[in-house]
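The block underneath contains the structure these notes are about, expressed in structure tokens.
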Amino acid sequence: MPLGAAGEAFIITNSSEEIDLSLEDDLLEQRLARIRELEALGYRPYGNRFEFTHTIPEILAQYSSKTAEELNPQVRVRIAGRVQTIRRMGKAGFAHLLQNGERLQIYVKKDAVGERDFALYQMLDLGDIVGAEGYLFRTRTGELSVHVEHLEHLAKTLLSMPEKWHGLEDVEIRYRQRYLDLIANPESRRVFLTRAKIIASFRRQLESRGFIEVETPMMQPLYGGAAARPFTTHHNTLDIDLYLRIAPELYLKRLVVGGLERVYEINRNFRNEGLSTQHNPEFTMLEFYQAYTDYRGLMDFSSELLRQVAIDATGGTEVEYEGCKLDFGRLERYSMREAVVAFWKGGGRPTHEQVCDPQWLLAQSSKSTPGEALTEIFENVVEEQLIQPTIIYDYPVETSPLSKNKPEDPAFVERFEIYAAGMEIGNAYTELNDPQEQRRRFEMQLAMRQRGDEEAHQMDEDYVRALSYGMPPTGGEGIGIDRLTMILTGARSIRDVILFPLLRPEGPIGLAERLRNLEGR
RNA sequence: GGGCGCGUAGCUCAAUUGGCAGAGCAACUGACUCUUAAUCAGUAGGUUGAAGGUUCGAUUCCUUCCGCGCUCACCA
């Protein structure tokens, strides 16, 4: 396109529409007008494929240490990114392009890029996505930059970006419009990269030990494997109600029966409960099952897994959370009864004999069985004090319908939970594999259900049938990925580690209507 | 669901005892060919979350509602 024509188009658009714009003062309208200016210059407001030579992080990794002299002979690059800052000075100027969380400065000089590309540079808005071609150099102040010789437009921003040095702080917008959070807050980006590293580390470690990854039903005709209320949905053709799973446990153990002796699944569970800083209705669990081991074996395995995950995610075994230094290098271990004695607050610390005495336990609690009383005391007294990563083992049978009894103490089961930062992050046990005992446990749960306990298990007869074919002795464990991610990233709320946490739907946005009204004007 | 707190320009935040709704950034116009929170001159931008009420007068006080956060209960 001849330069004169382009310039003319630019000027005409300005003079004819400027008055309307200033009267309306609508950013959208300004931006849509700018799209027409871009098109008049022969640019596409939403470009297509762009061949780049480097990503911005690649350039920074390769050339950050190079001096001006070492950038000679010229290093030619083609890069793309989102415009993060613009500093215009008449017939030249700078901008920072942001890509994959890192930024690189470009220098655009009219003499170097020509009239048309310089007109494009002058029209850029913060948030536009552009491609640039040129060579690397260092500015007078020493910043590695691209001396641009050609500029290309790849995508237009119609809405204004978050403010540049405070970033985006409104938590509601950060959760609802996570894309803005990811653009504006490097810390948020880092959290989700760390989350991905945590999951990758678990996968790598489990694969290397011969575990295979499987997917089991999310929609289940019977829900089980945990104590929780489910979400209900409906399948039209079969005309049946289905439940979103509260846990994959019963399916994974069917697979162990079937000879998949080491299986794991990393996926969502859904529990129809309240929301809090530690609870989202859908959350991600790792569950794994290993035949021929028991909860003692899993304690050792868990310690290794968590230690390595901490290293893979953060570079070391120590992390700081809420001002406390947590060490994943080793997990402390207490039985539940030991923990009640050890973490007792104030006077009247019980003896070991007392925490084993049903009469003493019942006297401390409103619960009707010694086991439930012990659990209640533990939760009230101990849980919040378990800051260091800690294993608590040997749980009362009443609260554990799927765990195997301790042979020497049938009122307790071979179960442990992992705590850190006062939160439960893991739950594991020696799986109950006696179908007759499992049938009795389900019937106990049914009785609790009839007394009004909505969270008690239903009878899963196919599961009993599976066990009746024989399940090898097996250890199984679940680890809450969201909470572990909170701890390893220093997040206060589970919503900070879930990309799109559940929120109430927002009201009408009104953008579609505004765009419709502005179309073709 | 209960309790406490917050909601002001696109973003981050002010506004004295109830007395003319403001600033910075972003936007718009102009100047500027090595800036980096660029600078300089100017312009525009508001149903103060919504609806009622008290008052001569409400961002401010009261009521209800909406949204978010914290917390308690339930849960992992």
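Computed from a predicted structure; not experimentally measured. Sequence lines set the chain letters: A, B, ... in the order given, protein chains first and strands last, and positions in each chain run from 1.
Closest-nucleotide positions on RNA chain B for Ala228(A) and Ser493(A) were compared, and the one nearer the 5' end corresponds to Ser493(A). In this structure, Arg176(A) and Leu124(A) both approach RNA chain B, and ranking their closest nucleotides by distance from the 5' end singles out Leu124(A).
Within the 4.0 angstrom heavy-atom criterion, only backbone atoms of the sugar-phosphate kind lie near Ile173(A); the bases stay farther away. Looking at heavy-atom distances under 4.0 Å, Gly167(A) makes contact with sugar-phosphate atoms alone, never a base. When heavy atoms are screened at a 4.0 angstrom cut-off, Asp111(A) is found touching base atoms of the nucleic acid. Lys110(A) comes within 4.0 angstrom of nothing in the nucleic acid, heavy atoms only. At a threshold of 4.0 angstrom between heavy atoms, the contacts of Gly274(A) include nucleobase atoms, whether or not backbone atoms are also involved. Using a 4.0 Å heavy-atom cutoff across all strands shown, Ala227(A) reaches sugar-phosphate atoms only and no base atom. Glu506(A) comes within contact range of no nucleotide atom at all, as no heavy-atom separation falls under 4.0 Å. Counting non-hydrogen atoms under 4.0 angstrom, Asn280(A) reaches a base of the nucleic acid. Within the nucleic acid shown, Arg140(A) comes within 4.0 Å of at least one base atom, counting heavy atoms only. Residue contacts shown for Arg34(A) are limited to sugar-phosphate atoms, with no base heavy atom under 4.0 Å away. At the heavy-atom level, Tyr175(A) lies under 4.0 Å from the strands shown only through sugar-phosphate atoms. Phe137(A) comes within 4.0 angstrom of a base, heavy atoms only.
The side chain of Arg87(A) places no N or O atom within less than 4.0 Å of a non-bridging phosphate oxygen (OP1 or OP2) of U35(B). OP1 or OP2 of U71(B) has not a single side-chain nitrogen or oxygen of Ser276(A) nearer than 4.0 Å. For Arg88(A) and A38(B), the shortest distance from a side-chain N or O to OP1 or OP2 is not below 4.0 Å. Taking only side-chain nitrogens and oxygens, Arg483(A) never comes nearer than 4.0 Å to OP1 or OP2 of A76(B).
Side-chain to base pairing of Glu143(A) with U35(B): no donor and acceptor N or O lie closer than 3.5 Å to each other. One cannot find a donor-acceptor pair under 3.5 Å joining the base of G7(B) and the side-chain atoms of Glu172(A).
Atom C1' of G3(B) sits at a distance of 35 Å from the matching atom of G19(B), rounded to the whole Å. Nucleotides G7(B) and G46(B) place their C1' atoms 15 Å apart, quoted to the nearest Å. Comparing G52(B) with G45(B), their C1' atoms sit 29 Å apart, to the nearest whole Å. Nucleotides U63(B) and U39(B) are separated by 46 Å at their P atoms, to the nearest Å. Nucleotides U17(B) and C74(B) are separated by 43 Å at their P atoms, to the nearest Å. Between U60(B) and U48(B), the two C1' atoms lie 10 Å apart (nearest whole Å). Taking the P atoms as reference points, C4(B) lies 25 Å from U16(B), given to the whole Å. Spacing between A76(B) and C68(B) at atom C1', rounded to whole Å, works out to 24 Å.
The partner of G57(B) is absent, by the rule that a Watson-Crick or G-U pair needs both atom distances under 3.5 Å. With both pairing distances under 3.5 Å, G42(B) is matched to C28(B) as a Watson-Crick or G-U wobble pair. Pair assignment for A21(B): none, as no Watson-Crick or G-U wobble contacts are both less than 3.5 Å. Here G67(B) sits opposite C6(B) as a Watson-Crick or G-U wobble pair (both hydrogen-bonding atom distances under 3.5 Å). Under the Watson-Crick or G-U wobble criterion, with both distances below 3.5 Å, G52(B) is paired with C62(B). Under the Watson-Crick or G-U wobble criterion, with both distances below 3.5 Å, C34(B) has no partner in any strand shown. G1(B) and C72(B) make up a base pair, with Watson-Crick or G-U wobble contacts both under 3.5 Å.
In this structure, CZ in Arg271(A) is found 12.5 Å from CG in Leu244(A), a value given to the nearest 0.5 Å. In this structure, CG on Leu306(A) lies 5.0 Å from CD1 on Ile479(A), to the nearest 0.5 angstrom.
For the pair Gln99(A) (side chain) and Ile56(A) (backbone), a donor-acceptor distance under 3.5 Å is present. A donor-acceptor pair is defined here as one N or O able to donate and one able to accept, closer than 3.5 Å; such a pair exists between the side chain of Asp117(A) and the backbone of Leu151(A).
Checking U33(B), A76(B), U12(B) against the side-chain heavy atoms of Asp170(A) singles out U12(B) as nearest. With distances taken from any side-chain atom of Leu168(A) to the nucleotides C70(B), C11(B), U33(B), the minimum falls on C11(B). For Phe94(A), taking side-chain heavy atoms from C-beta onward, the closest of the listed nucleotides A27(B), U35(B), U33(B) is U35(B). Nearest nucleotide to the Lys109(A) side chain, out of A26(B), U33(B), C70(B): U33(B). Comparing G24(B), G67(B), A27(B) against the side chain of Glu163(A) picks out G24(B) as the nearest. Looking at the side chain of Asp125(A), the nearest of the listed nucleotides C68(B), U33(B), C28(B) is C28(B).
A straight line from CE of Met123(A) to C1' of C28(B) spans 15 Å, rounded to a whole angstrom. Tyr121(A) has its OH atom 11 Å from the C1' atom of U33(B), to the nearest Å. Rounded to a whole Å, the NE2 atom of His166(A) is 15 Å from the C1' atom of G10(B). C34(B) atom P lies 20 Å from atom CG of Leu71(A), rounded to whole Å. Atom pair Ile183(A):CD1 and C11(B):C1' shows a separation of 14 Å (rounding to whole Å applied). If you take CD of Gln30(A) and P of U43(B), they are 17 Å apart, rounded to a whole angstrom. Distance, Glu287(A) CD to A76(B) P: 12 Å, rounded to whole Å. Distance Glu379(A) CD to A73(B) P: 11 Å, rounded to the nearest Å.
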Take His153(A) and Asp128(A) through the side-chain contact (heavy atoms from CB on, under 4.5 Å) test and state the conclusion after the steps.
CA-CA 8 Å; His153(A) 199 266; Asp128(A) 286 356; 3.6 Å; yes
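Taking the six-membered ring for Trp and thresholds of 30 and 60 degrees, His457(A) and Phe442(A) have ring planes inclined between 30 and 60 degrees apart.
The side-chain ring of Phe283(A) is stacked on the base of A76(B), judged by centre separation under 5.5 angstrom and plane angle under 30 degrees.
The six-membered or imidazole ring of Tyr295(A) lies away from that of Phe412(A), with a centre-to-centre distance of 6.0 Å or more. Phe202(A) and Tyr264(A) have their aromatic ring centers separated by at least 6.0 angstrom. Aromatic ring centres of Tyr429(A) and Tyr395(A): separated by at least 6.0 Å.
In this structure, Arg116(A) is positioned above the aromatic face of Tyr43(A), its NZ or CZ under 6.0 Å from the six-membered ring centre and within 45° of the axis.
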